J.: 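Questions regarding the structure given below will be posed in turn.
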Amino acid sequence: MNKIFTVFAFVLCMACTSYAQSSEEGFSRKGRFLVETGYNIVGGISNSSGANIQWDFDGGSITALGADVGKMLSENFAIKFRLGLLSANGFSITNVTAGVKYYAGGVVPIELTAGMLDGGPGSSTFTANLKLGYAARLADNITLEPTIGMLILEEEGALNFGISFGLFL
C-alpha cells in the first residue's frame, strides 16, 4: 500500500509541476522527432527502447536493445515505430510495431500500437498495445510519462504499468 501511495504522490507532484510550467509558451512539438526511452515496471526488462544487459549467477544473460521513435505530425499527434531485439541464452525475439500517439489536451498521452513479435521460424505472434498516461513536462522538450495499459498477444492480454521519458528533438 505504501508503494502505491508513493507512486500516486510522485505522479501528483509531477502533475502540479507540469501545470505550473505550462503557462510558458513558445515551444512547438509539430515537426519534431519523438524519441522515447523507458522502463516496464511489471516486466523488469527494458520496454524495447534503449539497452539492457542482465546476467544471472548461473552464467546466463539477457540482452535487450531497441529504438522507439516517431514523428510529430501536429502539436499533439505522432506516428510511431518500434524495433526491439531481445536475446537470452541462445533464444532471440524481434519486436516490430507501428502506431499512433495522441496527447489529449497536450498532457494525456493515448497510444495505440500493433505489430509482430517474432521468435524464429513459425513463431510469429500479433501484438497490440493500448496505453494511457500523463506527460509531466520536465523541460521544453522532455516529458516524464507514467502509463497504464493493456498488452495483447494473440488471444492473451496483460495489464502493463510503465514509465518513460519522451524527448522532442
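Treat the numbers as computed from the prediction; the structure is a model and nothing was measured. We're numbering straight along the sequence, starting at 1.
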J.: Kindly indicate whether the side chain of V35, heavy atoms from C-beta on, has any atom under 4.5 Å from the side chain of D68.
T.: no
J.: Hey, what do you get for CG (L153) to CG (N129), rounding to the nearest 0.5 Å?
T.: 9.0 Å
J.: Decide side chain to side chain contact (heavy atoms under 4.5 Å, CB included) for I148 and N160; before the verdict, give the C-alpha distance in whole Å, the side-chain angles of both, and the deciding distance to 0.1 Å.
T.: CA-CA 6 Å; I148 184 170; N160 187 4; over 6 Å; no
J.: Spell out, yes or no, whether F81 and Y102 are grouped together once hydrophobic residues are joined by side-chain heavy atoms under 4.5 Å, including indirect joins.
T.: yes
J.: Heavy-atom count check: over 12 atoms from other residues, nucleotides or ligands less than 6.0 Å from K71 NZ?
T.: yes
J.: Do any side-chain atoms of residues 104-124 form donor-acceptor pairs under 3.5 angstrom with protein atoms, and if so which ones, sequence neighbours left out?
T.:
unit_1: E111; atom_1: OE1; unit_2: K80; atom_2: NZ; d: 3.3
unit_1: E111; atom_1: OE2; unit_2: K80; atom_2: NZ; d: 2.9
unit_1: D118; atom_1: OD1; unit_2: G120; atom_2: N; d: 3.1
unit_1: D118; atom_1: OD1; unit_2: S124; atom_2: OG; d: 3.4
unit_1: S123; atom_1: OG; unit_2: G119; atom_2: N; d: 3.3
unit_1: S123; atom_1: OG; unit_2: G119; atom_2: O; d: 3.4
unit_1: S123; atom_1: OG; unit_2: G120; atom_2: N; d: 3.1
unit_1: S123; atom_1: OG; unit_2: G120; atom_2: O; d: 3.0

J.: Calculate, to the nearest 0.5 Å, the distance between atoms CG and CD1 belonging to L130 and I152 respectively.
T.: 8.0 Å
J.: First locate atom CG of L169, then atom CG of L34, and finally report the distance between them rounded to the nearest 0.5 Å.
T.: 8.5 Å
J.: What pairs of residues pass the salt bridge (charged side-chain N to carboxylate O under 4.0 Å, His left out) test when at least one of them lies in residues 160-169, not counting sequence neighbours?
T.: none
J.: Hey, mind stepping through E145 and R137 against salt bridge (charged side-chain N to carboxylate O under 4.0 Å, His left out) and telling me if it holds?
T.: CA-CA 9 Å; E145 300 179 6; R137 196 173 98 179; over 6 Å; no
J.: Give the cluster check for V69 versus F33: same hydrophobic cluster or not, with ILVMFWY residues linked at side-chain heavy-atom distances below 4.5 Å.
T.: no
J.: Listing request: all salt bridge (charged side-chain N to carboxylate O under 4.0 Å, His left out) pairs with a residue in residues 146-165, at least two apart in sequence or in separate chains.
T.: none
J.: What pairs with S92 under side-chain hydrogen bond (donor to acceptor under 3.5 Å, both in side chains), at least two apart in sequence or on another chain?
T.: none
J.: Where is the tightest heavy-atom contact between Y103 and A135, given as atom of each residue plus distance?
T.: CE2-CB, 3.9 Å
J.: Within the supplied structure, the quantity of interest is the number of heavy atoms (other residues, nucleotides, ligands) at a distance under 6.0 Å from F165 CZ; does it exceed 12?
T.: no
J.: Are T147 and L132 close enough that some pair of their side-chain heavy atoms sits under 4.5 Å apart?
T.: no
J.: Suppose we screen for side-chain contact (heavy atoms from CB on, under 4.5 Å). Which residues come up paired with R32, at least two apart in sequence or across chains?
T.: F27, F168
J.: For a quick test of reading the model, state the closest non-hydrogen atom pair linking E75 to S28 and the distance between them.
T.: OE1-OG, 2.9 Å
J.: With sequence neighbours left out, write down each residue that passes side-chain contact (heavy atoms from CB on, under 4.5 Å) with A88, or none if nothing qualifies.
T.: I62
J.: Once you round to the nearest 0.5 Å, how far does CG of N76 lie from NZ of K30?
T.: 11.5 Å
J.: Look up atom OG1 in T94 and atom CG in L86, then write down how far apart they are to the nearest 0.5 Å.
T.: 9.0 Å
J.: Working to the nearest 0.5 angstrom, can you tell me the gap between L167 CG and E36 CD?
T.: 8.5 Å
